[in-house]
Amino acid sequence: MTSNVTVVDHPLVQHKLTLMRRKEASTAEFRKLLREIGLFLGYEALRDLPLGKLHIDTPICGMEAPVIAGKKLTFISVLRAGDGLLGPMLDLVPSARIGQIGLSRDEETLEVTKYFFKVPQNLGQRLNVVLDPMLATGHSAIRAIQEIKDAGAKDIRFVCLLAAPEGIKAFTEAHPDVPVVTASIDEKLNEKAYIVPGLGDAGDRLFGTKGA
Ligand code: URA
């Protein structure tokens with residue numbers, strides 16, 4: 001494993017991931033499990049947030065108590081499946097700003113085109129966590145990070161649910177400065193660039209749009 005990549009191997013995460021992967025998992029189950037695992041992924045991605053001190057009074061005495069200090073946070077979803085990780089991240093940090101990036105991929109050439117980009121100002125002063133459940137070829141994630149770097153972001157993390165080894169390699173080569181947090185690095189990509197064994201199309205499973 002690359003040192004910049006963290007696989008969250010907690011038994012609860014691995015158990016929930018197994019339930020999500022099952023093809024018979026309903027849309028409601030899939031959504032709920034992604035939300036639950038998202039909390040653990042966010043917990044890990046934000047593990048080193050700096051702390052300051054705040055004076056508070058408990059019913060017993062006063063104390064200098066730890067509070068999150070430092071940069072403001074931005075959560076940036078790569079549409080559309082990235083939106084499935086926004087809920088749990090906002091449960092953890094309700095005050096975070098939100099960005100969204102829309103990227104479409106040509107199925108033949110796998111070339112990535114940007115169709116939507118809306119992010120808060122001052123990305124350079126923020127900690128920016130980019131969310132996309134599936135790191136497959138890495139093309140979209142690499143482009144999304146490049147777009148936010150071009151918009152001024154410097155401190156960036158990438159959170160995904162599943163990754164392919166090919167995607168991890170491409171991503172860490174393109175953006176060695178961006179830590180990755182994932183629940184699993186699967187076996188490989190298939191000829192259609194789906195992660196194997198994976199869980200199928202994350203967007204379709206999350207939104208219930210298979211065959212639409
Ligand atoms: N995107 C998905 O939703 N699933 C994959 O397996 C690969 C990319």
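Everything numeric in this text was worked out from a predicted model, so none of it was measured.
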Is any side-chain heavy atom of [Y] closer than 4.5 Å to one of [X]?
X      : Y      : value
Leu161 : Leu17  : yes
Ser184 : Arg21  : yes
Ile145 : Val130 : yes
Ile185 : Val5   : yes

Strictly distance-based, threshold 3.5 Å: is any side-chain N or O of [X] a donor or acceptor partner for the main-chain N or O of [Y]?
X      : Y      : answer
Glu29  : Ser26  : yes
Gln146 : Ala141 : no
Asp201 : Asp204 : yes
Asp186 : Ala164 : no

If you draw the axis of the six-membered ring of Tyr194, does the NZ or CZ of Lys192 fall within 45° of it and under 6.0 Å from the ring centre? no

Restricting to side-chain hydrogen bond (donor to acceptor under 3.5 Å, both in side chains), what partner residues turn up for Lys16, sequence neighbours left out? Glu36

Residues in side-chain hydrogen bond (donor to acceptor under 3.5 Å, both in side chains) with Ser104, at least two apart? none

Please identify which of these residues, Asn128, Asp48, Asn4, meets the side-chain hydrogen bond (donor to acceptor under 3.5 Å, both in side chains) condition with Arg157. Asp48

Looking at every heavy atom in both Asp83 and Ser77, which two are closest together, and how far apart are they? OD1-OG, 2.6 Å

Go through the structure and list residues passing salt bridge (charged side-chain N to carboxylate O under 4.0 Å, His left out) with Lys71, not counting sequence neighbours. Asp155

How about Arg97: does its CZ atom have over 12 heavy atoms from other parts shown lying under 6.0 Å from it? no

Residue Leu51 excluded, over 12 heavy atoms near CG under 6.0 Å: yes

